[in-house]
Amino acid sequence: MALMTGRFPRTARRLGKTSKSIDKLGEQALFFARALGTMPRAVMHYPKETVRLIAEISMGTGALAVIGGTVVIVGFLTLFTGGIIAVQGFSSLGNIGVEALTGFFAAFINVRIAAPTIAGIGLAATIGAGSTAQLGAMRVSEEIDALETMAIPSIPYLVSTRVMAGMIAIIPLYSLAVIASFIASRFATVVLYGQSAGVYDHYFSTFLIPTDILWSFVQAIVMAVAVMLIHTYYGFNASGGPVGVGVAVGNAVRASLIAVVTVTLLISLAVYGTSGNFNLSG
């Protein structure tokens with residue numbers, strides 16, 4: 001190794017960076033496995049903390065609670081997303097004379113792509129970033145070390161409870177998000193563009209497949225687990241004082257946004273295939 005370092009310094013540096021990246025991936029995988037494996041223990045021994053975190057994720061704390069927390073933020077995001085889908089769908093379909101299919105467009109895009117992706121982004125930007133900041137502040141102020149000193153396991157108490165809370169809170173939160181996107185799409189199409197309500201409802205109900213909604217909820221739950229795991233990892237391992245906490249939040253947000261898009265891609269390919277499991281004829 002010393003010979004390679006002396007004769008090929010660039011190659012040695014690249015190999016060193018690659019080795020560190022692989023070690024970091026293994027460290028993250030081990031952390032995720034421990035967090036998921038201790039979830040039953042967290043629910044059994046720390047139910048009050050889990051309930052408190054569910055309320056915090058849903059309605060927020062401090063200044064965030066004034067506007068309703070994650071529920072209102074995700075609701076508004078999906079509300080405007082549904083409106084944009086209706087506007088773009090009506091305009092695009094109108095160019096080829098089939099604007100009556102805007103209801104199909106809303107039922108298809110909202111459920112499969114828009115609503116779960118926007119909900120995941122909203123979760124990452126609100127409670128995910130908050131969890132990273134909380135755990136990071138506890139790490140740099142040695143509060144996590146104090147918990148370990150008192151024989152309180154830090155991962156079940158701090159990490160597993162947050163992952164469980166995110167997984168539970170996403171279900172009613174995502175229900176409201178989907179409803180908001182449906183309402184916005186219908187309002188924009190029927191009220192703003194003047195399309196017949198009967199025409200919109202006919203195509204919307206025809207192409208709204210119940211199994212798509214179920215898979216959409218599965219997608220949202222997987223996103224919530226991935227987002228909470230990523231954010232708690234970066235917060236739990238933060239270092240370098242307040243600046244290090246800020247860096248951890250930025251890294252966690254970037255990684256969670258990539259995870260949200262990746263989950264959308266993988267579930268779409270696994271469930272609907274490359275063709276989207278959709279055929280239109282006639």
Could you walk me through whether L36 and V225 pass the side chain to side chain contact (heavy atoms under 4.5 Å, CB included) check?
-> CA-CA 9 Å; L36 294 175; V225 173; 4.1 Å; yes
Treat each ILVMFWY residue as a node, draw an edge where side-chain heavy atoms are under 4.5 Å apart, and state whether I113 and I121 are in one component.
-> no
Kindly compute the distance separating CZ (R254) from CG (N251), expressed to the nearest 0.5 Å.
-> 4.5 Å
Is it possible for you to say whether Y272 and M223 belong to one hydrophobic cluster, with membership spreading through side-chain heavy-atom contacts below 4.5 Å?
-> yes
T117 side, atom OG1; L257 side, atom CG - distance, nearest 0.5 Å = 11.0 Å
Shortest non-hydrogen contact between P156 and T38, atoms and distance | CG-CB, 3.8 Å
Do I127 and M228 have side chains that get closer than 4.5 Å, going by heavy atoms?
-> yes
Do E143 and Q134 have side-chain atoms, one donor and one acceptor, less than 3.5 Å apart?
-> no
When hydrophobic residues are tied together by side-chain contacts of less than 4.5 Å, even through go-betweens, does V245 share a cluster with V247?
-> no
Given the rule in the side chain to side chain contact (heavy atoms under 4.5 Å, CB included) test, do I213 and L208 qualify, once you have shown the distances and angles that lead to the verdict?
-> CA-CA 8 Å; I213 298 179; L208 184 63; 4.1 Å; yes
So do L192 and F187 actually touch side chain to side chain, heavy atoms under 4.5 Å?
-> yes
Verdict with reasoning, I179 to I183, per side chain to side chain contact (heavy atoms under 4.5 Å, CB included) = CA-CA 6 Å; I179 293 172; I183 292 175; 3.7 Å; yes
Same hydrophobic cluster for L77 and V261, using side-chain heavy-atom links shorter than 4.5 Å among ILVMFWY?
-> no
For the side chain of S181 and the backbone of V178, is there at least one donor-acceptor N/O pair under 3.5 Å apart?
-> yes
Can you tell me if T189 uses its side chain to pair, donor with acceptor, with the backbone of R186 under 3.5 Å?
-> no
Dump the intermediate steps for side chain to side chain contact (heavy atoms under 4.5 Å, CB included) on S160 and I155, then the final yes or no.
-> CA-CA 6 Å; S160 299; I155 288 184; 4.2 Å; yes
Calculate, to the nearest 0.5 Å, the distance between atoms CD and OG1 belonging to Q195 and T102 respectively.
-> 5.0 Å
Residue F217 excluded, over 12 heavy atoms near CZ under 6.0 Å | yes
Closest heavy-atom pair and its distance - G136, A238 | CA-CB, 3.8 Å
Indicate yes or no: at least one non-hydrogen side-chain atom of R52 is less than 4.5 angstrom from one of Y46.
-> no
Are any non-hydrogen side-chain atoms of P153 and R41 less than 4.5 angstrom apart?
-> yes
Kindly give the heavy-atom pair with the smallest separation between Y234 and A248, and that separation in Å.
-> O-CB, 3.6 Å
Look up atom CD1 in I170 and atom CD1 in I54, then write down how far apart they are to the nearest 0.5 Å.
-> 12.5 Å
State the OG1-CD1 distance between T50 and I168, to the nearest 0.5 angstrom.
-> 7.0 Å
Kindly give the heavy-atom pair with the smallest separation between A180 and L79, and that separation in Å.
-> O-CD1, 3.4 Å
Heavy-atom neighbours of Y193 OH exceed 12 at 6.0 Å = yes
Heavy-atom side-chain contact between I221 and I171 under 4.5 Å | yes
CD1-CZ distance between I144 and R139, expressed to the nearest 0.5 angstrom | 4.0 Å
Where does the angle between the aromatic ring planes of Y203 and F207 fall among parallel (under 30°), tilted (30 to 60°) and perpendicular (over 60°)?
-> parallel
Measure from the side-chain N and O atoms of Q219 to the backbone N and O of I267, and report whether any donor-acceptor pair falls under 3.5 Å.
-> no
At their closest point, which heavy atom of D212 faces which heavy atom of V111, and how far apart are they?
-> O-CG1, 3.4 Å
For the side chain of S185 and the backbone of F182, is there at least one donor-acceptor N/O pair under 3.5 Å apart?
-> no
Under a 4.5 Å cut-off applied to non-hydrogen side-chain atoms, are L147 and M138 in contact?
-> yes
Is the distance between the ring centroids of Y233 and F31 under 6.0 Å?
-> yes
Go through the steps for T161 and E49 under the test side chain to side chain donor-acceptor pair (under 3.5 Å), then give the verdict.
-> CA-CA 7 Å; T161 52; E49 179 68 8; 5.0 Å; no
Is it the case that one hydrophobic cluster holds both L53 and L135, taking links as side-chain heavy atoms less than 4.5 Å apart, direct or via other members?
-> no
Kindly give the heavy-atom pair with the smallest separation between G120 and V227, and that separation in Å.
-> O-CG2, 4.3 Å
Can you give me every donor-acceptor pair (side chain of residues 85-98, partner residue at least two apart or in another chain, under 3.5 Å) with its distance?
from : atom 1 : to  : atom 2 : distance (Å)
S91  : OG     : V87 : O      : 2.9
S92  : OG     : Q88 : O      : 2.8
N95  : ND2    : S91 : O      : 3.4

Is the backbone N or O of H231 less than 3.5 Å from a side-chain atom of T132, with the two atoms forming a donor-acceptor pair by type?
-> yes
